[in-house]
Amino acid sequence: MKTVTAVAVWCLLVAACATDPPSGPDPAIAESAIHAAVVRQLVEFDNTYGPDHRFTELLILDHVDTHAGDPYRQGNPGASLTDGQRSAIRAAVEHLAPVRFINNRDNYIRRDVLMPTISGSAIITLAPVEFDNQGATVGVELWCGGVCGIWLTYRVVQEPDGWTVTGTEGPRAIS
């Protein structure tokens with residue numbers, strides 16, 4: 001009986017410490033809501049100009065980047081954003097600026113002056129969602145020029161009304 005009890009307790013502990021996405025019919029729905037929440041927080045409140053600033057256009061990479069949020073590491077392109085993720089992101093921020101999904105950020109940067117090719121725009125890069133027993137974290141970066149950028153990792157938790165950004169974790173950089 002002690003062995004059965006020990007195995008049952010071990011299984012419960014493993015389940016409680018899991019880092020898998022929420023179970024259910026489609027974990028991608030959670031990722032869509034999380035990416036939408038972090039893009040809105042970044043654009044509406046945490047951009048380098050302050051909460052009243054509006055960009056002319058939001059250029060969002062159409063795939064995740066493994067090290068978005070870390071200005072010191074070059075990331076690797078990851079999975080493409082799904083149609084559901086794109087729709088959720090667009091719905092979360094289209095009232096703030098027009099949204100365009102792009103596949104290569106370098107095509108939208110003027111290297112000679114370190115500015116976006118579209119004046120007043122911002123380029124946004126998202127990391128994959130990392131689930132843990134407290135919710136999730138997501139690295140993000142917003143770049144709008146040589147002296148206009150922010151890199152950070154958001155903590156996101158699931159609340160009754162959906163996924164909500166509660167703060168940042170780890171290093172943060174602003175230029």
Side-chain angles (χ1 to χ4, degrees), residues 21 26-131 136-156 161-165 167-168 171-175:
D26 190 359
I29 292 172
E31 291 179 353
S32 297
I34 291 168
H35 275 138
V38 300
V39 170
R40 181 170 184 182
Q41 179 72 30
L42 181 65
V43 171
E44 189 166 15
F45 302 105
D46 296 335
N47 70 75
T48 60
Y49 294 108
D52 294 326
H53 180 74
R54 295 296 179 251
F55 294 101
T56 59
E57 189 167 1
L58 300 174
L59 308 171
I60 302 172
L61 277 182
D62 66 1
H63 59 275
V64 294
D65 189 297
T66 56
H67 294 300
D70 185 345
Y72 305 109
R73 295 179 67 187
Q74 184 69 23
N76 296 315
S80 294
L81 296 175
T82 65
D83 289 341
Q85 287 169 314
R86 291 177 194 211
S87 294
I89 292 167
R90 186 179 306 280
V93 294
E94 67 186 349
H95 67 285
L96 301 170
V99 175
R100 181 187 320 192
F101 289 94
I102 61 173
N103 66 359
N104 184 342
R105 63 182 277 131
D106 291 336
N107 292 342
Y108 293 88
I109 297 173
R110 287 191 51 206
R111 295 284 177 199
D112 58 335
V113 292
L114 279 179
M115 294 299 293
T117 58
I118 299 169
S119 181
S121 67
I123 300 172
I124 297 172
T125 307
L126 299 164
V129 174
E130 298 288 333
F131 290 98
T137 57
V138 181
V140 296
E141 94 181 41
L142 179 148
W143 186 88
C144 48
V147 291
C148 177
I150 186 168
W151 297 258
L152 53 87
T153 299
Y154 283 121
R155 164 60 60 189
V156 187
D161 292 336
W163 289 91
T164 303
V165 174
T168 61
R172 193 178 165 146
I174 298 174
S175 71

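A distance of 8.0 Å separates OG1 of Thr168 from CG of Asp46, quoted to the nearest 0.5 Å. Atoms CG and CG, from Asn104 and Leu59 in turn, are 12.0 Å apart once rounded to the nearest 0.5 Å. Atom CD1 in Ile60 sits 4.5 Å away from atom CZ in Phe101 (nearest 0.5 Å). Atoms CZ and CD1, on Arg86 and Ile89 in that order, are 9.0 Å from each other to the nearest 0.5 Å. Separation of atoms CD1 (Ile174) and CG (Leu142) is listed at 11.0 Å; rounding is to 0.5 Å.
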Full working for side chain to side chain contact (heavy atoms under 4.5 Å, CB included) between Leu58 and Val93: CA-CA 9 Å; Leu58 300 174; Val93 294; 3.8 Å; yes
Side chain to side chain contact (heavy atoms under 4.5 Å, CB included) assessment of Arg111 paired with Asp106: CA-CA 9 Å; Arg111 295 284 177 199; Asp106 291 336; 2.6 Å; yes
Working for side chain to side chain contact (heavy atoms under 4.5 Å, CB included), residues Glu141 and Ile150: CA-CA 6 Å; Glu141 94 181 41; Ile150 186 168; over 6 Å; no
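Summarising the geometry of Ala127 relative to Ala68, their closest heavy-atom pair is N-CB, 3.5 Å, with the distance given to 0.1 Å. Scanning all heavy atoms of the two residues, the minimum distance from Ile34 to Phe131 falls at CD1-CE2, 3.6 Å. Contact detail for Ala88 and Ser32: the closest heavy-atom pair is CB-O, 3.6 Å. Closest heavy-atom contact between Gly69 and Trp151: O-CB, 3.5 Å.
Leu126 has its side chain within reach of Val39: a pair of non-hydrogen atoms, C-beta onward, lies under 4.5 Å apart. Within the 4.5 Å cutoff, side-chain heavy atoms of Val138 are placed close to those of Val140. Taking 4.5 Å as the limit, some side-chain heavy atom of Tyr49 sits within range of a side-chain heavy atom of Cys144. Side-chain atoms of Leu152 and Tyr154, non-hydrogen and from C-beta on, do get closer than 4.5 Å to each other. Taking the side chain as every heavy atom from C-beta outward, Tyr108 and Arg100 approach each other to under 4.5 Å. Residues Ile109 and Trp143 form a side-chain contact, since some pair of their non-hydrogen atoms from C-beta on lies under 4.5 Å apart. Counting only heavy atoms from C-beta outward, the side chains of Gln41 and Val156 never approach each other to under 4.5 Å. With a 4.5 Å cut-off on side-chain heavy atoms, Ile124 and Val43 count as touching.
Around atom CG of Asp83, no more than 12 heavy atoms belonging to other residues, nucleotides or ligands sit under 6.0 Å away.
Using a distance-only test at 3.5 Å, with no hydrogens or angles considered, a donor-acceptor pair links the side chain of Arg90 to the main chain of Val99. Under the 3.5 Å distance criterion, the side-chain polar atoms of Gln85 are matched with a main-chain donor or acceptor of Thr82. Judged by distance alone, the side chain of Thr56 and the main-chain N or O of Ser119 form a donor-acceptor pair under 3.5 Å. Using modelled atom types, no side-chain atom of Ser80 and backbone atom of His63 make a donor-acceptor pair closer than 3.5 Å. His35 places no side-chain N or O within 3.5 Å of a backbone atom of Leu81 that could act as its donor or acceptor partner. A donor-acceptor pair under 3.5 Å is absent between the side-chain atoms of Ser87 and the main chain of Gly84, judged by distance alone.
With salt bridges taken as basic N to acidic carboxylate O contacts below 4.0 Å, one links Glu44 and Arg40. Looking at Arg155 and Glu130, no side-chain N of the basic residue comes within less than 4.0 Å of a carboxylate O on the acidic one, giving no salt bridge.
Phe55 is linked by a ring pair (Phe, Tyr, Trp, His ring centres under 6.0 Å) to His53, counting only residues two or more places apart in sequence or in another chain.
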